[in-house]
Trainee: 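My structure is below; once you've seen it, I'll send some questions.
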Amino acid sequence: HYTGLWSSAVQVSNTSTLVDSPVLVSDDNGNAVALWAERCNCTSDCACGLVVCSQYSISSHTWSTPTYFTSCESHTKRAESPSLYVNGSGQVMMFWAESCSPSGLCDLVGKTYENSAWSDPTVIASNLWMEEIYSGGIDETGKAMVVWQAKTDSSVNVQAATYSQGTWSNPAIVIDEPLNFVFWYKL
């Protein structure tokens, strides 16, 4: 939507795969990024899931060819629950959960888009339960934060990691059970 009228629908994803959990963000100029998970058949014991995105250019009014951040051939984990955040200048932060554990444990993975390039994926936290919730954000200077609920057999807490100048911090407990306020970080 850039002229006040809706355009015709455009196929952005691969037409032969099952798509899950699409999300969309746009910067202050109207450029957009769409992110989704796709299912594929693989030889491992789990159903593989791919993380895929496409970028929309406001100047050309076109979507890019989808970019696959994981592949069926080399990826033995299932990617789920993608989330996407952007600041006004177009820096993008994305997260997803990766799992292939019979116990349901997963990794929280992050990836950034800065200076017209995607970073390599980074495992931010490991051994999280699949049903755990996470959320994040990125400010105008490119600093970012992600928070998530971390459960063990005996407790629940909220943990966070921050991103600045290409580096993720180690996870830190923000709130522990029984809801003691532990940590506060200002971006």
Side-chain angles (χ1 to χ4, degrees), residues 1-42 47-73 75 77-99 106 108-122 124 130-149 160-166 168 186-187:
H1 179 275
Y2 58 91
T3 63
L5 302 173
W6 286 101
S7 66
S8 299
V10 175
Q11 180 74 38
V12 177
S13 66
N14 184 336
T15 59
S16 64
T17 58
L18 176 63
V19 173
D20 188 24
S21 306
V23 291
L24 176 83
V25 295
S26 65
D27 65 17
D28 290 347
N29 297 315
N31 298 302
V33 177
L35 176 70
W36 62 90
E38 285 186 8
R39 300 289 170 248
C40 67
N41 296 322
C42 38
C48 290
L50 304 176
V51 177
V52 188
C53 90
S54 181
Q55 294 171 273
Y56 178 80
S57 167
I58 191 70
S59 62
S60 67
H61 305 295
T62 59
W63 286 96
S64 68
T65 301
T67 300
Y68 287 79
F69 295 127
T70 54
S71 71
C72 284
E73 292 76 30
H75 196 68
K77 295 185 177 185
R78 190 165 102 197
E80 295 191 282
S81 306
S83 64
L84 194 57
Y85 307 90
V86 67
N87 65 16
S89 60
Q91 292 172 295
V92 177
M93 184 67 55
M94 67 173 61
F95 304 101
W96 66 87
E98 276 189 355
S99 172
C106 68
L108 177 59
V109 178
K111 192 172 182 72
T112 61
Y113 182 79
E114 299 177 278
N115 303 317
S116 302
W118 289 103
S119 69
D120 290 332
T122 301
I124 299 166
M130 203 60 184
E131 71 273 7
E132 294 176 78
I133 299 167
Y134 63 92
S135 183
I138 184 169
D139 72 9
E140 290 305 314
T141 67
K143 293 179 182 175
M145 180 183 285
V146 61
V147 297
W148 62 91
Q149 177 186 1
T162 58
Y163 174 87
S164 180
Q165 300 178 356
W168 280 100
K186 181 179 179 187
L187 289 178

Trainee: With distance as the sole test, does S119 use its side chain to make a donor-acceptor pair with the main-chain N or O of T112 at under 3.5 Å?
Mentor: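 Yes, the answer is positive, given that a donor and an acceptor are paired below the 3.5 Å cut-off.
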Trainee: Testing V25, N87, V92 one by one against I138 for a side chain to side chain contact (heavy atoms under 4.5 Å, CB included), which residue passes?
Mentor: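 Result: among V25, N87, V92, N87 is the only option passing the side chain to side chain contact (heavy atoms under 4.5 Å, CB included) with I138.
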Trainee: Calculate, to the nearest 0.5 Å, the distance between atoms CG and NZ belonging to L84 and K111 respectively.
Mentor: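 Going from the CG atom of L84 to the NZ atom of K111 covers 12.5 Å.
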Trainee: For the residue pair Y56 and V12, establish whether any side-chain heavy-atom pair is separated by less than 4.5 Å.
Mentor: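 No, every pair of side-chain atoms sits at 4.5 Å or beyond.
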Trainee: Which atom pair, heavy atoms only, marks the closest approach of Q91 to E140?
Mentor: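 Where Q91 meets E140 most closely, the heavy atoms are OE1-O, 3.9 Å.
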Trainee: Looking at every heavy atom in both V147 and A160, which two are closest together, and how far apart are they?
Mentor: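 What the structure gives for the nearest pair is CG1-CB, 3.7 Å.
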Trainee: What closest approach, in Å, do A34 and W63 show between heavy atoms, and which atom pair accounts for it?
Mentor: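 Where A34 meets W63 most closely, the heavy atoms are CB-CZ3, 3.8 Å.
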Trainee: Would you confirm whether D27, through its side chain, and N29, through its main-chain N or O, come within 3.5 Å as a donor-acceptor pair?
Mentor: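 Confirmed, D27 side chain pairs with N29 backbone.
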Trainee: Answer yes or no: is there a donor N or O on one side and an acceptor on the other, between the side chain of S64 and the main chain of S54, under 3.5 Å?
Mentor: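 Not at all, since once roles are kept as given, no pair shorter than 3.5 Å links the two residues.
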Trainee: With rounding to the nearest 0.5 angstrom, report the OG to CG distance, S89 to D28.
Mentor: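 It is 8.0 Å, given to the nearest 0.5 Å.
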Trainee: Could you check whether any side-chain heavy atom of L108 comes within less than 4.5 Å of a side-chain heavy atom of F95, counting everything from C-beta outward?
Mentor: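 The answer is yes, as the side chains (C-beta and beyond) meet within the 4.5 Å cut-off.
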Trainee: What's the spacing between D139 CG and M93 CE if we round to 0.5 Å?
Mentor: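 Reported to 0.5 Å precision, the distance equals 10.0 Å.
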Trainee: Taking all atoms of both residues into account, what is the closest heavy-atom pair of W36 and P66, and its distance?
Mentor: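 Shortest heavy-atom separation between W36 and P66 comes out as CZ2-CB, 4.2 Å.
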Trainee: What is the minimum heavy-atom distance between P82 and A37, and which atoms define it?
Mentor: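 Closest approach of P82 to A37: CG-N, 4.2 Å.
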Trainee: Classify the ring geometry of Y113 against W118: parallel below 30°, tilted from 30° to 60°, perpendicular beyond 60°.
Mentor: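 Tilted.
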Trainee: Quick one: CG on L24 to SG on C53, what's the gap to the nearest 0.5 Å?
Mentor: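 Spacing of CG (L24) from SG (C53) equals 11.0 Å.
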Trainee: Side-chain contact, heavy-atom cut-off 4.5 Å: V146 with I124?
Mentor: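 Yes; the side chains approach each other to less than 4.5 Å.
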Trainee: Measure across A97 and C106 and return the closest heavy-atom pair with its distance rounded to 0.1 Å.
Mentor: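 Residues A97 and C106, closest heavy atoms: CB-SG, 4.0 Å.
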